[in-house]
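Each remark here refers to the structure printed beneath this line.
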Amino acid sequence: MFEKKGYIYILTNTKNTVLYVGVTSNLIKRIYEHQNNFVEGFTKKYNLKKLVYFEVFGDIVSAITREKQIKGWLRIKKMALIEKVNPNWVDLYKTII
């Protein structure tokens, strides 16, 4: 059986003051939806459009497990994760499209 890849991602706003951890099976489509306000809720309310971190998994179940793990972390630990691969907090969306 064909397994869909899974992705976890972290979005923030222009000032990097709010973090959102999400999961998807199509990262490019999902970030596009966030950036164009197609997604109602937390990300739209806080204008979270900047992709600052993501991970790729072989299946969606593994991605969901990782998302739950990261969501349980304190902000400082999430920031350290981001800064390990993206120290300047640049928008990574342009690198994946």
Side-chain angles (χ1 to χ4, degrees):
M1 186 172 127
F2 175 74
E3 285 282 338
K4 263 191 162 180
K5 282 187 178 178
Y7 303 85
I8 64 103
Y9 60 93
I10 301 178
L11 295 177
T12 191
N13 56 3
T14 55
K15 295 184 179 183
N16 303 330
T17 56
V18 180
L19 298 177
Y20 171 81
V21 181
V23 66
T24 185
S25 61
N26 186 332
L27 185 62
I28 293 171
K29 178 182 175 199
R30 189 63 170 159
I31 302 308
Y32 177 85
E33 291 170 347
H34 284 298
Q35 291 185 342
N36 290 281
N37 290 321
F38 297 152
V39 181
E40 293 295 327
F42 188 84
T43 57
K44 186 174 180 179
K45 179 179 179 181
Y46 292 98
N47 201 30
L48 307 181
K49 297 181 179 186
K50 187 164 70 165
L51 176 67
V52 291
Y53 183 83
F54 68 92
E55 292 178 19
V56 183
F57 297 86
D59 61 275
I60 195 69
V61 174
S62 298
I64 292 168
T65 301
R66 178 69 166 156
E67 177 203 26
K68 289 178 181 178
Q69 178 187 40
I70 294 172
K71 278 188 172 185
W73 291 357
L74 295 174
R75 177 182 172 82
I76 192 83
K77 190 170 179 180
K78 293 174 191 171
M79 290 173 61
L81 179 68
I82 294 164
E83 290 173 358
K84 193 183 326 180
V85 296
N86 188 359
N88 296 318
W89 292 60
V90 298
D91 189 349
L92 300 174
Y93 182 68
K94 296 168 187 78
T95 69
I96 62 170
I97 55 172

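- Cluster membership for I8 and I82, using ILVMFWY side-chain heavy atoms within less than 4.5 angstrom, is shared.
- Considering CG of L19 and CG of L48, their distance stands at 8.5 Å, rounded to 0.5 Å.
- Under the 4.5 Å side-chain heavy-atom criterion for grouping Ile, Leu, Val, Met, Phe, Trp and Tyr, I70 is not connected to Y46 through any hydrophobic cluster.
- Going from atom CG of L92 over to atom CD1 of I10 covers 10.5 Å, rounded to the nearest 0.5 Å.
- Under the 4.5 Å side-chain heavy-atom criterion for grouping Ile, Leu, Val, Met, Phe, Trp and Tyr, I96 is not connected to I60 through any hydrophobic cluster.
- Taken from CD1 in I31 to OH in Y9, the straight-line distance is 5.5 Å, to the nearest 0.5 Å.
- Crowding of K44 atom NZ: a count of heavy atoms from other residues, nucleotides or ligands under 6.0 Å exceeding 12.
- Side-chain contact between H34 and K49 is absent, with no heavy-atom pair separated by less than 4.5 Å.
- Placement of Y32 and L51 within a single hydrophobic cluster is found when ILVMFWY residues are connected by side-chain heavy-atom separations under 4.5 Å, directly or transitively.
- Taking 4.5 Å as the limit, every side-chain heavy atom of W73 sits out of range of all side-chain heavy atoms of M79.
- Linking ILVMFWY residues whenever their side-chain heavy atoms come closer than 4.5 Å, directly or via other members, places F54 and L11 in the same cluster.
- Under a 3.5 Å cut-off, the side chain of N88 and the backbone N or O of V90 do not form any donor-acceptor pair.
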Which side-chain N or O atoms in residues 20-28 pair as donor and acceptor under 3.5 Å with protein atoms at least two apart or in another chain?
unit_1	atom_1	unit_2	atom_2	d
T24	OG1	N26	N	3.1
T24	OG1	N26	O	3.4
N26	OD1	K29	N	3.1

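- Remark: Y53 OH to K84 NZ distance equals 7.0 Å, nearest 0.5 Å.
- The distance from atom NZ of K50 to atom CG of N86, rounded to the nearest 0.5 Å, is 8.0 Å.
- Shown here is I76, whose CD1 atom has no more than 12 heavy atoms of other residues, nucleotides or ligands within 6.0 Å.
- Proximity of V18 to F42: side-chain heavy atoms (C-beta onward) are separated by under 4.5 Å at one or more points.
- Using a distance-only test at 3.5 Å, with no hydrogens or angles considered, no donor-acceptor pair links the side chain of N36 to the main chain of F38.
- The salt bridge (charged side-chain N to carboxylate O under 4.0 Å, His left out) check on K71 picks up E67, with sequence neighbours excluded.
- Annotation for T17 and R75: closest pair O-NH1, 3.3 Å, computed over non-hydrogen atoms.
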